[in-house]
There are 2 protein chains.
Amino acid sequence: MAKQISNNIRKLRFEHDEMTQAALAEALGVTRQTVAAMEGNKYPPSLELAFKLADLFDEDISDVFEYNEIN
Amino acid sequence: MAKQISNNIRKLRFEHDEMTQAALAEALGVTRQTVAAMEGNKYPPSLELAFKLADLFDEDISDVFEYNEIN
DNA sequence: ACATCAAGTTAAATATAATTTACATAAAGT
DNA sequence: ACTTTATGTAAATTATATTTAACTTGATGT
């Protein structure tokens, strides 16, 4: 019944020339720890950062983040 | 060059039986002021609230929120 | 074997901004 | 006029997204 946000940032990073967390962080204007945290679903990013990320990878935001039920 | 998040919550509210801000807030589990604020682009909602909202209206999140350039 | 560098993880602290509380206005009905 | 309903907004608070900092691991070079 509860839902949780998940993402496929890691997959996208590797599809984009095996971009490192640090490089992605730099491109987004945040620290690499922020990238690591959202990639590991430690906490969700702000909506703006989510959009920036999707933009950067030329993806639709709903193709990067999903809101699915978990047990 | 700068981008800004916008939304069509108001339109969606009216398409859904002219739902009031208060009714939407109740359904989302937030106060109506939160709905008013995000509807008026005062500030973006959290990613989770954005997803809840899209879910409620059975829309894709990118059909509710857009990240467009503003002059 | 040792040192260095790049990448990842995590905890704690901070700063931001998302959300609430409280007050105010306008329209519509009685 | 008065009440009710819907919306708007400022200020304060809270929550949490982000940063700073420290620790770990693996690879590479000497």
Side-chain angles (χ1 to χ4, degrees), chain A residues 1-57 59-70, chain B:
Chain A
M1 193 112 182
K3 290 199 170 189
Q4 167 174 294
I5 296 170
S6 60
N7 69 82
N8 56 355
I9 297 172
R10 179 175 288 264
K11 181 171 158 243
L12 288 168
R13 271 200 301 120
F14 283 95
E15 286 174 359
H16 286 254
D17 203 23
E18 301 193 346
M19 191 180 212
T20 65
Q21 289 184 341
L24 176 55
E26 166 91 24
L28 291 171
V30 296
T31 63
R32 67 193 174 79
Q33 286 87 341
T34 295
V35 169
M38 74 178 158
E39 183 170 310
N41 291 316
K42 192 171 177 188
Y43 56 78
S46 66
L47 184 57
E48 183 167 10
L49 186 54
F51 267 116
K52 276 188 190 169
L53 182 55
D55 258 29
L56 188 68
F57 286 142
E59 296 276 347
D60 192 278
I61 188 171
S62 53
D63 290 327
V64 180
F65 296 92
E66 292 187 352
Y67 191 50
N68 290 324
E69 284 168 33
I70 78 170
Chain B
M1 192 111 180
K3 291 199 169 186
Q4 169 174 296
I5 296 170
S6 60
N7 69 82
N8 57 355
I9 298 171
R10 178 174 288 263
K11 181 171 158 244
L12 288 168
R13 272 201 299 120
F14 283 94
E15 286 174 359
H16 285 255
D17 203 23
E18 300 195 345
M19 191 181 213
T20 65
Q21 289 182 342
L24 176 54
E26 166 92 22
L28 291 171
V30 296
T31 64
R32 68 181 179 78
Q33 285 87 342
T34 294
V35 170
M38 74 178 158
E39 182 170 310
N41 291 317
K42 192 172 178 186
Y43 56 78
S46 66
L47 184 57
E48 182 168 10
L49 186 54
F51 268 116
K52 275 188 190 170
L53 183 54
D55 258 29
L56 188 67
F57 287 142
D58 198 30
E59 296 277 345
D60 192 279
I61 188 170
S62 54
D63 290 328
V64 180
F65 295 92
E66 291 187 353
Y67 191 52
N68 290 324
E69 282 167 35
I70 168 170
N71 303 352

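All values reported here derive from a predicted model rather than from experimental measurement. Heavy-atom basis, side chains included; hydrogens, waters and symmetry copies ignored. Throughout, a chain's letter reflects where its sequence line sits, starting with A, and its residues are numbered from 1.
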Starting from [atom2] on [N], measure out to [atom1] on [X] and report it in whole angstrom.
{"X": "Leu53(A)", "N": "dA17(D)", "atom1": "CG", "atom2": "C1'", "answer": "15 Å"}
{"X": "Leu49(B)", "N": "dA15(D)", "atom1": "CG", "atom2": "P", "answer": "16 Å"}
{"X": "Leu47(B)", "N": "dA17(C)", "atom1": "CG", "atom2": "C1'", "answer": "15 Å"}
{"X": "Phe65(B)", "N": "dA18(C)", "atom1": "CZ", "atom2": "P", "answer": "11 Å"}
{"X": "Lys42(B)", "N": "dA12(D)", "atom1": "NZ", "atom2": "C1'", "answer": "12 Å"}
{"X": "Glu26(A)", "N": "dT19(D)", "atom1": "CD", "atom2": "P", "answer": "12 Å"}
{"X": "Met38(A)", "N": "dG8(C)", "atom1": "CE", "atom2": "P", "answer": "13 Å"}
{"X": "Glu48(B)", "N": "dA15(D)", "atom1": "CD", "atom2": "P", "answer": "15 Å"}

Other residues, nucleotides and ligands only: do more than 12 of their heavy atoms fall within 6.0 Å of [atom1] on [X]?
{"X": "Glu66(B)", "atom1": "CD", "result": "no"}
{"X": "Asn68(A)", "atom1": "CG", "result": "yes"}
{"X": "Glu26(B)", "atom1": "CD", "result": "no"}

Worksheet item: If you find the nucleotide of DNA chain D closest to Ala36(B) and the one closest to Ser46(A), which residue's nucleotide is nearer the 5' end?
Response: Ala36(B)
If I take atom [atom1] from residue [X] and atom [atom2] from residue [Y], how far apart are they, to the nearest 0.5 angstrom?
{"X": "Glu39(A)", "Y": "Leu24(A)", "atom1": "CD", "atom2": "CG", "result": "8.0 Å"}
{"X": "Leu47(B)", "Y": "Leu49(A)", "atom1": "CG", "atom2": "CG", "result": "9.5 Å"}
{"X": "His16(B)", "Y": "Lys11(B)", "atom1": "NE2", "atom2": "NZ", "result": "10.0 Å"}
{"X": "Asn41(B)", "Y": "Ile9(B)", "atom1": "CG", "atom2": "CD1", "result": "8.0 Å"}
{"X": "Ile61(A)", "Y": "Asp60(B)", "atom1": "CD1", "atom2": "CG", "result": "9.5 Å"}

Worksheet, complete the sentence: Each nucleotide of nucleotides 20-28 of chain D classed B (base within 4.0 Å of a protein heavy atom), S (only sugar-phosphate) or -, in 5' to 3' order, makes BBB------
Fill in: Check: Asn7(B) side chain, Met38(B) main-chain N or O, donor-acceptor pair, under 3.5 Å
yes
Discussion item. Can you list, in residue-number order, the parts of residues 8-22 of chain B that come under 4.0 Å of DNA chain D, counting heavy atoms only?
Written reply: Arg10(B), Arg13(B), Thr20(B), Gln21(B)
Worksheet entry | Closest nucleotide among dT20(C), dG8(D), dT19(D) to the Thr34(B) side chain |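 The answer is dT20(C).
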Practice prompt. Assign the ring pair Phe51(B) / Tyr67(A) to parallel, tilted or perpendicular, where the plane angle (0 to 90°) is split at 30° and 60°.
Written response: parallel
Contacts under 3.5 Å, N or O only, protein and nucleotides 27-30 of chain C:
none

Item to complete: Begin from the C-alpha positions of Asp63(A) and Phe57(A) and carry the test side chain to side chain contact (heavy atoms under 4.5 Å, CB included) through to its verdict.
Response: CA-CA 10 Å; Asp63(A) 290 327; Phe57(A) 286 142; over 6 Å; no
